[in-house]
Each structure stands twice: as C-alpha cells, then as structure tokens.
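Here is the structure we will look at, set down as structure tokens.
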Amino acid sequence: FIIAAIDIPYYSYYNSRITRAIFNWTNDLSSMTKSVILNVEYIKYYLVLFIICISWWFSHRFIYRKIFKNKKEQYNTTNEGILKRIIISLFVLLLLFSGIRGNWFFKQGPLRVREAFFTEYAFINQLGLNPIFSFMEGFVEKRINYFKDKEAITKMQQYMHITQKFDSPIAREIIPDTITNNKPNIVIVLMESMSAYQVGSLGNKKHLTPNLDSISERSISFSNLYSAGIHTSHGIMAALYSFPALLNKRPMVSTYGSVGTFAGIPNVLKDKGYQTLFFQTTDANFDNMQSFLSRNGFDTIFSNNSYEGYKRANNWGVPDHILFEYGIKKINEIEHNKKPFFATFMTITTHDPFDIPEDITFIPTADSKVDKCYQYADWAIGEFMKGAAKQQWFGNTIFVFVADHGFNFDPLYDMPITYHHIPLIIYAPDIVKTPRKIEGFGLQLDVFPTIMDVAGLQYTNNTIGMSLLKEQRPFAYFCADNKIGCVNNEYFLVIRNNGKESLYKYKKGDINNYIENQAELVIKMKDYTYSMLQTAQWMLENNKYQLSLNKD
C-alpha cells in the first residue's frame, strides 16, 4: 500500500512509475523526511493511505472471522485446521503473485513495459504497469551492453574526431585560438528545475523570465541544450564534470566517486591557481555533496549551516536572493587575494514545494504558484547581476546560467522533453564582444569545454564533452533513471528499459510511433547514443575518468 501510495505523487512529479530512484536520497533521510512530511500537497495521499490501511485491516478481520466461525476453530492446531489455513494462504498468495506479474500465464514472463505499451497514449500505457513490480525490477543492475566496449570506444572516437594519445581513450589536448594572459573569473549558476519551457527567449509567452531574457540578448545563448538526467546530482556531474547520467548509476554517492578526481572544471581550474567555491542552501551531506565536491576541486563549500541569521524559505534552506547576496559577500572576502576565482551557485526556490519568501519587495503577477516561483527565481537572478555589476571583479568575470534539469510541464510522452530541454547562457560583456544564439544541439556535459573555450584556457579534456563554439552534435541524448532519450531536429527516440522503443515527431506533438518507418535513422541515433554512454560507463568502471593522465 505504501509503495502504491508513493507511486502517485512520484508519477505526478517525474511522469514515470516509481523506481528505485526513490532511494537516491536515503543518505540524507532527515532532509528528505522533512521535504515529504512538510509538503501540504502530500496530505491527501497520507489520508488515502490511512483509510485504505484501516479498511483493509477491518475487512481482513471480518473475513477471518467468517472463515473461522468460533475462537476454537481460529486456533485449531489439528491437521484439518492447519490444512485449511495452508489452502487459504496459497490461494491468496496466488492472487497476489498473479497481480504483481500482471497475467495468469506462467509460461510467459511478467507484464513488462513492452506488453503494457499498446497505445499511442503515454498515460494509458504506464497505467498498465504494476508499481510494485516496476519498483522491484529497478533493483536489478542494468549495464549498457549495446556494443562490445572496444567497439563503443572506437565509434565514440570517430564521432568526436579523437586520436588517442593518452591511456584514456577520450583525452585530448585543447589549445584555444587565443590563449588568455589574464585568467577570467568564472561563475556558474545552476538553476533548479529551470526548464526551457519556462524561459521567454526560448519560446514561453507568459513573460516569466525578463531578466534571463535580457541577459540572453547580450550573451552567447544556446537554444537546443539538453540536461543529462532528471536529478540535481546528474546536473552537477554533467555541467561541472562533463559526465553523463548512466541510467540508475550515481557516481557522486558510489565507490567510483571516492577513487581519484574527476577531470572537470573545478579540478582543472584549481590546478591553474583558481580559488574554488560552491554555494548551496541544503544540508552539506545531501546527495553526498560535501564529501564528493571537496574531493573534486572545491576549496570551500557553503551549505545550510552557513546562513545563520537568515530566514529559511522552506525545509530546503534560504531563498535564492539570500544565496546570491551571501555569495557576493564571500567572493569579496577572498577576491583581495588577487587570485582568480571559480564559484558555483546551486539555486533551490524553483523546487517543490514552490514557496516564495514573503519579506521581499518583488510581487509576482503569474496565476499559478509554480509560475510565480519562476518569476521570483528570475527576479533573484536580476538582483544578483545588479549586485555583481557593482563589484570590482565584474568586468573580468564569465557568468554562466544553466539548469540542473527541467521539469514535468508537458507530459505528452512518458519521458517529458521539458525535463531535459534547458537554457544555457554565457554572459561576459567585457570578454564576449559578439552576442549570438547557437541553434545546434548541445549537451549539459558540453558546458565545461565551452566555458574553457570562452575563457581562452589551455587544458587536457578527459571527458566526452566538447566546445559548442567549435563543434556540433548531430543528436542530443539523455537518461531518466530507466529510460534513454535521443533527439534531432524532428524526431525523439525513447528507449525503455526492457521495453518497447518509440520514435515521435515531438516538434509537432505527434504521439504516433514512427520507429518502423525510420529504421535507418533509429540505428544512427542508437549508435551515437550508446557509443557515448557505454564509453562513459567503461571509463567509470576502469578508473579512466581522472584528472591526472599518462601518455600512451
């Protein structure tokens, strides 16, 4: 009953039946318990669960008394009494087992995704899945084995034009066209759940993000960028360390993350003499951030305990505008060292329960609670840029605005595009002289190499990210726990774990499956996607993702 109850709000949030991803945050049970218990939206689920459990108990008691009509028979230990209990128990277990399997035919496998997906409608298809079985099946570790590992690596090298010179098959030396003598400061703002669907410069007509839209007009912006996954840890790994989401794997909280250091922008810049800071509002141990980030390039990590004296917005911590005010203050404290700095801000207010602070001058005008929250988040960014513009370090700073992931705004498909299509804006008025919008496909894991290109810094790239200023991708690929997606200008391929594959004309909102009509395109999309993901998987398993490299 509990799993079935959790399945409903889980589906509402992720547009997916419950998976083992529900345990992604058990390393910080305190924060997760508070986020669930204190969310008034979940009260209705508690009540329904309570009513069902009580009703079940009374009905079970009633049936039991009907079967065993007197107390003596209830505790009958004779062979006849025991036999009756065994027969009844076996019958009930048969019903339960058949229910969880989804069919009566024991020679066939249980009802899996491929059997459930029998219409063009995502909701009806997912309704056919049993949440208990889907939840249990998620605990089976799934390794990507589309190619042999060597073949996957070779294909990846061909796609990315890499000639191997190091013991890592993806490492290559990057020399920018113009090498800078004055190392610029770099600030990355990881915007919580900032889907492209909500951004005006990317098509939203509600005027929710005037500040981001204004910044975008004076920046290098990207209209077809996609997040690696659907969780914040995926966004951190992709944007900072150029590492993709690999189905249910989570390097930040696994043994992989405790060996060596990932070759991402924090470590690369730290080696170049940068001071590195990470600002978050949640508990330092949430998603194992404190441990992972401190081992992977960050000198100082600010978390919920850092903001003493400030009013919290909700159980996630202080609101965005406080995060930015505090960040500017701390940057000013270290800026006198005359060393360049790299700072990352992880915003939070656009996360459920979507609470806006009351003691501010900004008054949102949107109709819905969610839209008001996005208006506030945009206002906070505008205030941050006004504050930053007054600082001495502003002119020599590159500001990067990118989401950790999107949100479930338009659940037409069981893998919502709005959860992956995100903005990327690189703003540096004294460094980027020619604003422009780049329409080609890009990935969240291209953020790091693209920033290094803008900064004019030479380095060794040991990731599958690329500079979007110099290279283009034919497709964008991403994961959502138990699904893999890939898009081009017209089609969206959804690959379900142990399930049916679908190819949609997503730009038209078409729910028909064109996979049989576009077999050649599907092969190209799968070859590209799997070669990249399987290479990243091999890098993780063979400890080749590190910063330190050896020549081949």
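Source: prediction; values computed, not measured.
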**Study point:** Side-chain H-bond candidate by donor/acceptor type, Asn332 with Trp393, under 3.5 Å
**Key:** yes
Check your understanding: Just by distance, with hydrogens left out, do Thr418 and Asp410 show a side-chain donor and acceptor under 3.5 Å apart?
Key -> no
Check your understanding: Any side-chain heavy-atom pair from Thr232 and Glu192 closer than 4.5 angstrom?
Key -> yes
Check your understanding: Roughly how far, to the nearest 0.5 Å, is the CD1 atom of Ile265 from the OG1 atom of Thr276?
Key -> 11.0 Å
Check your understanding: Can you check whether Ile422 reaches Met191 side chain to side chain, under 4.5 Å on heavy atoms?
Key -> no
Revision key, fill the gap. From the list Phe409, Phe441, Phe407, Phe478, ring-ring contact (aromatic ring centres under 6.0 Å, His included) partner of His420 resolves to Phe478
Exercise for review: Check the side chains of Thr450 and Asp446 for a donor-acceptor pair under 3.5 angstrom, ignoring hydrogens and angles.
Suggested key: no
Exercise for review: In sequence, state the C-alpha distance, the side-chain angles, and the governing distance for Phe298 and Phe279, and then conclude on ring pair (Phe, Tyr, Trp, His ring centres under 6.0 Å).
Suggested key: CA-CA 10 Å; Phe298 283 101; Phe279 296 91; 9.6 Å; no
Check your understanding: Taking the inter-plane angle between the rings of Tyr326 and Tyr310 on a 0 to 90° scale, is it parallel (under 30°), tilted (30 to 60°) or perpendicular (over 60°)?
Key -> perpendicular
Review point. Have Thr365 and Gln375 got a donor and an acceptor in their side chains that come within less than 3.5 Å?
Key: yes
Review point. Say you draw a straight line from CG of Asn304 to CD of Gln280; how long is it, rounded to the nearest 0.5 Å?
Key: 7.5 Å
Practice item. Kindly assign one of parallel, tilted or perpendicular to the pair Phe345 and Phe324, based on the angle between their ring planes and the thresholds 30° and 60°. Key: tilted
Check your understanding: Is it true that the side chains of Gln546 and Asn543 contain a donor and an acceptor less than 3.5 Å apart?
Key -> yes
Practice item. Classify the side-chain pair Gln275/Asp299 by whether it contains a donor and acceptor separated by less than 3.5 Å. Key: no
Point to revise | Heavy-atom side-chain proximity of Phe475 to Tyr226 below 4.5 angstrom | key: no
Practice item. Looking only at non-hydrogen atoms, find the nearest pair between Pro429 and Lys433 and report the distance. Key: O-NZ, 4.2 Å
**Study point:** Polar side chain donor-acceptor pair, Arg473 to Tyr528, under 3.5 angstrom
**Key:** yes
Review point. Which word best sums up how the rings of Tyr427 and Phe399 line up, parallel for under 30°, tilted for 30 to 60°, or perpendicular for over 60°?
Key: tilted
Exercise for review: Specify whether His321 and Tyr376 have parallel, tilted or perpendicular ring planes, treating 30° as the upper limit for parallel and 60° as the lower limit for perpendicular.
Suggested key: perpendicular
Exercise for review: Could you pull out all residues at least two apart from Tyr241 that satisfy ring pair (Phe, Tyr, Trp, His ring centres under 6.0 Å)?
Suggested key: Phe292
Review point. Closest approach of Ala245 and Ala228, non-hydrogen atoms and distance?
Key: CB-O, 3.3 Å
Point to revise | Pairwise distance NZ(Lys311) to CD1(Ile322) - rounded to 0.5 angstrom | key: 10.5 Å
Review point. In Å, rounded to the nearest 0.5 Å, how long is the span from CG of Leu468 to CG of Asp453?
Key: 9.5 Å
Review point. Should the ring pair Tyr42 and Tyr45 be called parallel, tilted or perpendicular, given that the plane angle runs from 0 to 90° and is split at 30 and 60?
Key: tilted
Check your understanding: Does one side chain, of Asp481 or His231, offer a donor that lies under 3.5 Å from an acceptor on the other?
Key -> yes
Review point. Under 3.5 Å, is there a donor-acceptor pair between the side chain of Ser291 and the main chain of Asn288?
Key: no
Check your understanding: Do Tyr506 and Leu412 come close enough that some side-chain heavy atom pair is under 4.5 Å?
Key -> no
Point to revise | Heavy-atom pair with the smallest gap, counting every atom of Leu443 and Leu225 | key: O-CD1, 3.4 Å
Practice item. For Ser223 and Glu439, test the side chains for any donor-to-acceptor distance below 3.5 angstrom and give the result as yes or no. Key: yes
Point to revise | Ile170 side chain reached by Gln157 side chain, heavy atoms, under 4.5 Å | key: no
**Study point:** Partner of Lys206 by salt bridge (charged side-chain N to carboxylate O under 4.0 Å, His left out), out of Asp213, Asp371, Asp378, Asp367
**Key:** Asp371
